[in-house]
Amino acid sequence: MTTERYNARDTEARWQKIWEDQNVFATRNDDPRPKYYVLEMFPYPSGKLHVGHVRNYTIGDVVARHKRAMGFNVLHPMGWDAFGLPAENAAIERKIHPKPWTEANIATMKAQLKLMGLSIDWTREIATCDPSYYKHQQKMFLDFWRAGLVERKNSKVNWDPVEQTVLANEQVIEGRGWRSGALVEQRELTQWFFKITAFAQDLLDSIDRLERWPEKVRLMQRNWIGRSEGLLIRFALDAATTPSGESELDVFTTRHDTLFGAKFLALAPDHPLALAAATKDPALAAFIAECRHTGTAQELLEKAEKQGFDTGMVALHPFDPDLKLPVYVANFVLLEYGTGAIFGCPAHDQRDLDFANKYRLGNTPVVCPPGQDPKNFVITDTAYEGDGRLINSRFLDGMTTEAAKEEVARRLEAQTRGNRPVAQRQINFRLRDWGISRQRYWGCPIPVIHCEACGIVPVPEADLPVRLPEDVEFDRPGNPLDRHPTWKHVTCPSCGGPARRETDTMDTFVDSSWYFARFTDPWIETAPTDRAAVDHWLPVDQYIGGIEHAVLHLLYSRFFTRAMQATGHAGVDEPFAGLFTQGMVVHETYRRSDGSYVEPAEVRIETQGEARRARLAATGEPLEIGPIEKMSKSKRNTVGLDDIAGTAGADTARWFMLSDSPPERDVIWTEEGAQGAWRFVQRLWRLVGEAAQIAAVADMPRPPVFGPAALALRKAAHRALARVSEDVERLRFNVCVAHIHEFANAFQTSLAELEDEPMADYRWAAREAASILVRLFHPMMPHLAEECWAVLGYSTLLATEAWPVLEPDLILENTVTLPVQINGKKRADVTVRRDATIPEIEAAVLGLDAVQRALDGKPPKKVIVVPHRIVNVVA
RNA sequence: GCCCCUGUGGCGGAAUUGGUAGACGCGCCUGACUCAAAAUCAGGUGGUGGAAACAUCGUGCUGGUUCGAGUCCGGCCAGGGGCACCA
């Protein structure tokens, strides 16, 4: 019996067309079934779908198809994160306008996505560069502004010299721009900010509720928000020493217990008091200028030595005005955190100690580590930053760190100067407001107008969207909007006088902060969201994407959803109830003897025993096999969709992506593995073909009894069903793959052992087994599954079929075989009735030869019976 | 420097969450089919000893808890990630 070889190319195209023609994946908002919203992070339309995308969307598609089979009304949309710099760079390099460039890329990538057979509702497709999308974003910007969630302020910002634009803190990784990799400089600019800090506490607290998020991402967000509880202490200054008679200085600390160890105060170089003093002290002004200079590049900043300048000002210790503390300006104090001023306790803070040692300010240990004799506890080069008992601290002596903090806070809060308390408890966050101004063209225009008479005026809602002009030039660096001859010149909507449009555009992360909400009703024109739709669908039940967005996109979206809730655009605060971060696709690298990289497609791998060797396929030239790395153009180790889907088909690529590694880990793309997946596709095809030959007709009545062969097959089918059902729910697709393999092996063996003329009961069981098998692999390999479904004689679409129903009786055996251990080592097996009592099991075990021998006539010390698991005899 | 995660055959990885370590796949070895190759099918594949039954060791190292530890606890080592003058 021969079966035709499975033709992936034609078959996949055929089913894709059928799904499309029948609108199988279009989702209705008024469908009464329970909802399930699956979403993969939408792509930037770079023009090329790479295997990382394939993995991401395959995972999402498995979830979508499985949930659909489980009876949910599944929303699985797709769109384009279409604003961004690459389009502008293409415009500069290739003289193509960003708009047609982006549109062409979208068309290409959409066609590639369709080749993968994803069950996407394309009727909801959106692109963020479309005015029908960004007009709503402008509307929300204005609403947020009115709600006090937008602010225009002057501050130090990260300037990317390559991209010629400002970046948010989250977009600076190790001092470099997240995209350009250029060293970021600090610049002082007036910018638009979203007040993400307004939600700092809530964003932090709510992380606890995100139970279906990876712990790792939750931790990263907690650290990024960086809450610390401390005390704001108002130090008195000796007014005679200050530039204009200033008498107070606020300092934030989390270690108020060490207050008696204070040796100095330090101000950030740009602290108002430092600037005031600098007007009267040229040397200080020079020092501050120097700090600013070295402060431009993050890298230098990290290596820079602690430096300070004694301002001559004197502060008084809050508990003893006779203790005078010098006030320095120091390069390591940050203006943006706390009050921009600190008190230095050298004994218990390494930075303060380095500083004090350099300027000979001395140190007094005030916290004694546990187990240390206070009498000979001295600090030289290493500060003690841990907890302990207080020493050298008058009324605090003997207290624990915690008690001393409380005592200091209590006493200082009770003190007043003027009529203000000397201290108050304060919570500080590391999180900064989100700077969204970008000095670029290809982004969403910020809908405001600058008027000399009226100040900053919002664009009236009737005038939205503020459209990007299309006639722009990219011949020079900088922002083309700013250079446009007419676009920015407008009349003030308030006074009618001449005014200027804002030429900055929004960070593209704003675009991606609410697209998931827009998908719930992308048709509504009068508002960003339809409240019924957005409240029905959100939060996203399963969101899938890369770990690189752990704090960027995922934190911004959490903020944005809260802001939408505050302005009435959504009824929820958390956008993503479940998050899954998938690993990267990596590949071996190959290099010639001259060090140049060679693409996998040009390489031939030879194996000799366990040794692997690589050669250039064309010439046989030997190549060095390099480390396995993230796919990149520079290492030339990329694999394109065409390389995979071309002959072996999308199903093969999808199956391989899911088979080896757990989805959260990196998967190594190997030629051998891909071939293995292709072989399995063929094997399933043959297997289902053979099964179809003997399988009963679909409506054959269920036989009253099953013979041993039929029963064994049914058991294997239902065992696989039970296991795959559980593991697909837990997104453990690699384990699902193993179960399907196991079942296919058992099925094939069963068919091979068959007599020529199978009995009716077996023919019924074969149909059942085949239909279960096909439905189990359908979410992963939908085209092959549809084709097999048709081969089995069904006329329905498998894409809309229900998940098989488990018969639990079939996976319960009447007898169980338990391993028998003697002193913890396995020595025998015992088979007992499933419902055997513990004494019965014990009796059976003690009767075993191996146990008798081991006991040597003596009674066992102990027999541990764990029903259905194991028996352990302690001799 | 601080915080977190991960270490299991030649490789990717399973292990019912404290109960038979190595499922499943890749690779490799042997055999069948073939003039031959590919494809396919059958068998084998952690180390050591043994013809075999079997014995014995074995989840980075080390100590502990337990009848029983890959899984829990303590201390190391290695690899990966996040944050980084955050007071």
Side-chain angles (χ1 to χ4, degrees), chain A residues 2 5 173-175 214-217 219-224 226-228 230 251-256 258 266 298 301-304 306 330-334 336-345 348-352 354-355 385 428-432 547 550-551 605 607-612 628 656 659-662 665-668 670-677 679-680 682-683 686 723 726-727 732 734-745 748 752 817-829 860-866 868-875:
Chain A
T2 52
R5 215 167 140 83
I173 317 282
E174 288 177 4
E215 193 48 49
K216 184 179 177 165
V217 175
L219 189 75
M220 280 164 73
Q221 292 213 353
R222 279 194 195 102
N223 290 341
W224 188 263
R227 181 192 140 109
S228 46
V251 158
F252 176 72
T253 182
T254 57
R255 287 304 301 271
H256 30 295
T258 65
Q298 291 268 345
L301 204 135
E302 279 163 33
K303 289 174 188 149
K306 307 264 173 294
N331 65 347
F332 67 94
V333 181
L334 303 173
E336 300 81 30
Y337 188 78
T339 62
I342 61 158
F343 82 78
C345 175
H348 303 291
D349 183 287
Q350 192 59 47
R351 289 159 308 174
D352 296 347
D354 294 344
F355 189 81
E385 298 186 345
N428 262 298
F429 294 93
R430 211 190 72 108
L431 184 69
R432 297 272 86 87
I547 187 83
V551 282
I605 300 289
T607 48
Q608 268 188 336
E610 270 156 18
R612 294 177 76 244
I628 295 164
F656 176 66
S659 46
D660 265 6
S661 297
R665 273 195 230 175
D666 288 351
V667 63
I668 306 168
T670 62
E671 207 39 51
E672 294 91 336
Q675 271 170 20
R679 273 204 301 272
F680 190 61
Q682 297 289 354
R683 220 179 112 208
R686 281 196 309 272
R723 290 173 175 171
E726 190 192 328
D727 284 318
R732 292 156 41 94
N734 57 321
V735 187
C736 291
V737 164
H739 296 324
I740 291 170
H741 262 284
E742 231 167 327
F743 175 34
N745 291 346
Q748 198 167 355
T817 299
L818 302 176
V820 177
Q821 295 184 333
I822 295 164
N823 294 329
K825 297 197 182 223
K826 197 208 157 190
R827 286 297 130 107
D829 287 307
K861 285 208 186 91
K862 204 170 175 184
V863 179
I864 292 133
V865 177
V866 186
H868 305 153
R869 286 284 150 78
I870 201 164
V871 181
N872 192 9
V873 179
V874 185

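Computed over heavy atoms, backbone and side chain alike; hydrogens, waters and symmetry mates excluded. The chains referred to below are lettered A, B, ... by the order of the sequence lines, with proteins before strands, and numbering in each begins at 1. Note that this is a predicted model, so its numbers are computed, not measured.
To the nearest 0.5 Å, atoms CZ (A:F332) and CG (A:D354) are separated by 8.5 Å.
If you check B:A87, B:G13, B:C41 against the side chain of A:S661, the one that comes closest is B:G13. Comparing B:U20, B:G12, B:A14 by their closest approach to the side chain of A:P819 singles out B:U20. Nearest to the side chain of A:D660, among B:U40, B:G25, B:A87, sits B:G25. Of the candidate nucleotides B:C4, B:U40, B:C67, B:C67 has the atom lying nearest to any side-chain atom of A:N872. Nearest to the side-chain atoms of A:R732 among the listed nucleotides B:G12, B:G19, B:A15 stands B:A15. With B:U20, B:C86, B:U56 as the choices, the nucleotide that has an atom nearest any side-chain atom of A:K826 turns out to be B:U20. For A:T254, counting side-chain heavy atoms from C-beta on, the closest listed nucleotide (B:G68, B:A14, B:A87) is B:A87. Nearest to the side-chain atoms of A:K306 among the listed nucleotides B:G27, B:U56, B:C85 stands B:C85. Here the side chain of A:A738 is nearest to one of B:G12, B:A84, B:A23, namely B:A23. Candidate nucleotides B:G13, B:A87, B:U56 were compared by shortest atom distance to the side chain of A:R827, and B:U56 ranks first.
For A:N734 and B:A14, the shortest distance from a side-chain N or O to OP1 or OP2 is below 4.0 Å. The side chain of A:R686 places an N or O atom within less than 4.0 Å of a non-bridging phosphate oxygen (OP1 or OP2) of B:C41. For the OP1/OP2 pair of B:C26 and a distance below 4.0 Å, the side-chain nitrogens and oxygens of A:R679 include at least one atom meeting the criterion.
Taking the ring axis of A:F355 as reference, the NZ or CZ atom of A:K306 does not stay both within 45° of it and closer than 6.0 Å to the ring centre.
Contact annotation for A:V863: no contact, since no heavy-atom pair falls under 4.0 Å across all strands. When heavy atoms are screened at a 4.0 angstrom cut-off, A:Q221 is found touching no nucleic acid atom at all. Contact annotation for A:N745: backbone-only contact, meaning every heavy-atom pair under 4.0 Å involves sugar-phosphate atoms and none involves a base. The residue A:I864 sits close to a base: some heavy atom pair falls under 4.0 Å. Note on A:Q821: a base of the nucleic acid sits closer than 4.0 angstrom, heavy atoms only. Residue A:D349 is out of contact with every strand shown, counting any heavy-atom pair closer than 4.0 Å. Using a 4.0 Å heavy-atom distance criterion, A:S228 is classed as a sugar-phosphate-only contact. A:V874 comes within contact range of the sugar-phosphate backbone alone, with a heavy-atom separation under 4.0 Å but no base atom that close.
Side-chain atoms of A:K861 and base atoms of B:C67 include no donor and acceptor less than 3.5 Å apart.
Between A:A677 and A:G226, it is A:A677 whose nearest contact on RNA chain B lies nearer the 5' terminus. Sequence order on RNA chain B of the closest nucleotides to A:H741 and A:R665 puts A:R665 first from the 5' end.
A:E672 has no carboxylate O lying under 4.0 Å from a charged side-chain N of A:R679, or vice versa, which leaves the two without a salt bridge.
A straight line from CD of A:Q675 to P of B:A38 spans 12 Å, rounded to a whole angstrom.
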Legend entry - Paired and unpaired positions of RNA chain B as dot-bracket, Watson-Crick or G-U wobble under 3.5 Å, | denoting a partner strand: (((((((..(((......[....)))((((((.......))))))((((....))))..(((((..]....))))))))))))....

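The glycosidic torsion of B:U65 lies more than 90° away from 0, placing the base in the anti range.
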